[in-house]
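Input: a single structure, listed below in structure tokens.
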Number of protein chains: 2
Amino acid sequence: MQAVDAPSCDLSCDESLVHLDNVRQVQPEVLSTEKAQRMAEFFSALSDPHRLKLLSALAQQELCVCDLAAAVKMGESAVSHQLRVLRSQRLVTYRRQGRNVYYGLADDHIMSLYREVAAHLDE
Amino acid sequence: MQAVDAPSCDLSCDESLVHLDNVRQVQPEVLSTEKAQRMAEFFSALSDPHRLKLLSALAQQELCVCDLAAAVKMGESAVSHQLRVLRSQRLVTYRRQGRNVYYGLADDHIMSLYREVAAHLDE
DNA sequence: CAATCCTCTGAACAGGTGTTCAGTGGTAAC
DNA sequence: GTTACCACTGAACACCTGTTCAGAGGATTG
């Protein structure tokens, strides 16, 4: 995990010979490790079919954990674990009401994201 | 939302009692396992910082494997393995030219996707 | 307060993921 | 043909992920 911003030696290449000009041109535009990490964690939250099912259920309406579990046919514990992941990426909101905790979609970014991806996959 | 006397349930619920009406309403809209799987695989391809770096490099210009390796500071073998993943989701194109194989971004869906996510993360 | 319900948590285990290493195939240069 | 280079592949290994199981915390009901 080292930063890529050092101008002195931008290539530290003991590697084989490559197209130096191309590499030097592209390298400063490469996503920083930090940003790449954050973005990867976000996509990672969406990279599980069960979590996607949960989101698609929440896209319909707010639901509590046990309803979610029934809707996607998972154990309640498993659902709880997965919701933790979705929460960590701010994909869902939750509010407590009595004994239940109701979850919902965090915002509409996710739906438009969904549509983008669905479009890509239909090709 | 009031509970109603449950009609014979289409939910195969040996589970605990939940809000049957909610579940029945939502369940048919839940993403099918097949679609959820495909979508998860797509997001999974984007869920690694190194792959995101590769894509950000390719967003600049077409590059061959060894240039990519130098640009993101990975081994060439590792890059090759990761490009395989990106190829499987049609995120990149490739064409052979002499001894080199040049990779590029497959289409612009990905960039707009990138921007969506970047917007979500800046909150 | 005792009992019950809903949700969350931690540990343990199976399965998946990404890297390195060694080796192969294909292309160009000599 | 031989050599060198570029890219790909498979195996092995460490690491991460998601499930289940058992149990704890919080809130409501009687």
Side-chain angles (χ1 to χ4, degrees), chain A residues 1 13 15-20 22-23 33 36-37 40-54 62-89 92-104, chain B residues 1 3 13 15-20 22-23 33 36-37 40-54 58 62-89 92-104:
Chain A
M1 308 186 182
C13 49
E15 291 294 334
S16 60
L17 298 178
V18 287
H19 307 118
L20 263 185
N22 283 352
V23 177
T33 298
Q37 184 66 42
E41 282 166 10
F42 176 80
F43 283 122
S44 196
L46 295 172
S47 68
D48 178 84
H50 288 143
R51 284 196 291 270
L52 291 172
K53 283 189 177 189
L54 289 173
E62 248 189 2
L63 289 167
C64 64
V65 176
C66 60
D67 289 348
L68 273 171
V72 307
K73 312 203 176 181
M74 294 174 64
E76 296 178 14
S77 179
V79 170
S80 197
H81 278 297
Q82 302 297 19
L83 285 172
R84 187 197 230 309
V85 176
L86 296 176
R87 242 164 32 213
S88 76
Q89 294 300 315
V92 297
T93 58
Y94 77 109
R95 70 185 170 80
R96 171 150 233 138
Q97 180 176 339
R99 286 190 287 224
N100 297 321
V101 177
Y102 285 88
Y103 283 83
Chain B
M1 318 294 174
C13 47
E15 292 296 334
S16 60
L17 298 178
V18 285
H19 308 119
L20 263 186
N22 283 351
V23 177
T33 299
Q37 184 66 39
E41 281 166 9
F42 175 81
F43 283 121
S44 197
L46 296 172
S47 69
D48 179 84
H50 288 142
R51 284 197 291 271
L52 292 172
K53 283 189 176 188
L54 289 172
L58 294 177
E62 249 189 0
L63 289 167
C64 64
V65 176
C66 59
D67 288 348
L68 273 170
V72 307
K73 312 204 173 178
M74 294 173 64
E76 297 179 13
S77 179
V79 169
S80 198
H81 279 297
Q82 302 296 20
L83 286 172
R84 188 197 229 307
V85 176
L86 296 176
R87 243 165 29 215
S88 76
Q89 293 300 316
V92 296
T93 59
Y94 77 108
R95 70 186 169 82
R96 171 148 231 138
Q97 179 177 339
R99 285 190 289 223
N100 297 321
V101 175
Y102 285 88
Y103 283 84

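If you're wondering where the values come from, they're calculated on a predicted model, not measured in any experiment. The figures that follow rest on heavy atoms only: side chains count, while hydrogens, waters and symmetry mates do not.
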Completion exercise
The contact string for nucleotides 17-27 of chain D, one letter per nucleotide 5' to 3', using protein heavy atoms under 4.0 Å with B, S and - for base, sugar-phosphate only and none, comes out as -SSBBB----B

Problem - Check against side chain to side chain contact (heavy atoms under 4.5 Å, CB included), A/R95 and A/E62 - result: CA-CA 10 Å; A/R95 70 185 170 80; A/E62 248 189 2; 2.7 Å; yes

Problem - Test log, rule side chain to side chain contact (heavy atoms under 4.5 Å, CB included), inputs A/L86 and A/R51 - result: CA-CA 8 Å; A/L86 296 176; A/R51 284 196 291 270; 3.8 Å; yes

Practice task
Please report the C-alpha distance between B/L58 and B/L68 in whole Å, then the side-chain angles of each, then the deciding distance to 0.1 Å, and finally whether the side chain to side chain contact (heavy atoms under 4.5 Å, CB included) criterion is met.
Solution key: CA-CA 8 Å; B/L58 294 177; B/L68 273 170; 3.9 Å; yes

Handout entry: Working for side chain to side chain contact (heavy atoms under 4.5 Å, CB included), residues A/L52 and B/F43
Key = CA-CA 10 Å; A/L52 291 172; B/F43 283 121; 4.2 Å; yes

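Residue A/Q37 holds its CD atom at 9.0 Å from NE2 of B/H50, rounded to the nearest 0.5 Å.
In this structure, the NE2 atom of B/H19 is 11 Å from the C1' atom of C/dC5, given to the nearest Å. The interatomic distance linking B/R84 (CZ) with C/dT17 (C1') rounds to 14 Å, in whole Å. Taking atom CG of residue A/L68 and atom P of nucleotide C/dC8, one finds them 10 Å apart after rounding to whole Å. Following rounding to the nearest Å, A/Y94 (OH) and C/dC6 (C1') show an atom-to-atom distance of 14 Å. A/L63 places its CG atom 14 Å from the P atom of C/dC6, with the value rounded to the nearest Å. Atom C1' of nucleotide C/dG16 and atom CD of B/Q37 are separated by 12 Å, given to the nearest angstrom. As a whole-Å value, the separation of A/R87 CZ from C/dC8 C1' is 8 Å. Rounded to whole Å, atom P of C/dC8 lies 7 Å from atom CG of A/L83.
No engagement by A/Y102 is indicated, since no non-hydrogen atom pair under 4.0 Å with the nucleic acid exists.
The shortest distance between the side-chain N/O atoms of B/Y103 and the OP1/OP2 oxygens of D/dC6 is not below 4.0 Å. A/N100 has no side-chain polar atom (N or O) that falls below the 4.0 Å cut-off from OP1 or OP2 of C/dC5.
In this structure, a donor-acceptor pair under 3.5 Å is present between the side chains of B/R87 and B/Y103. Judged by distance alone, the side chains of A/R84 and A/Q82 never bring a donor and an acceptor atom under 3.5 Å apart.
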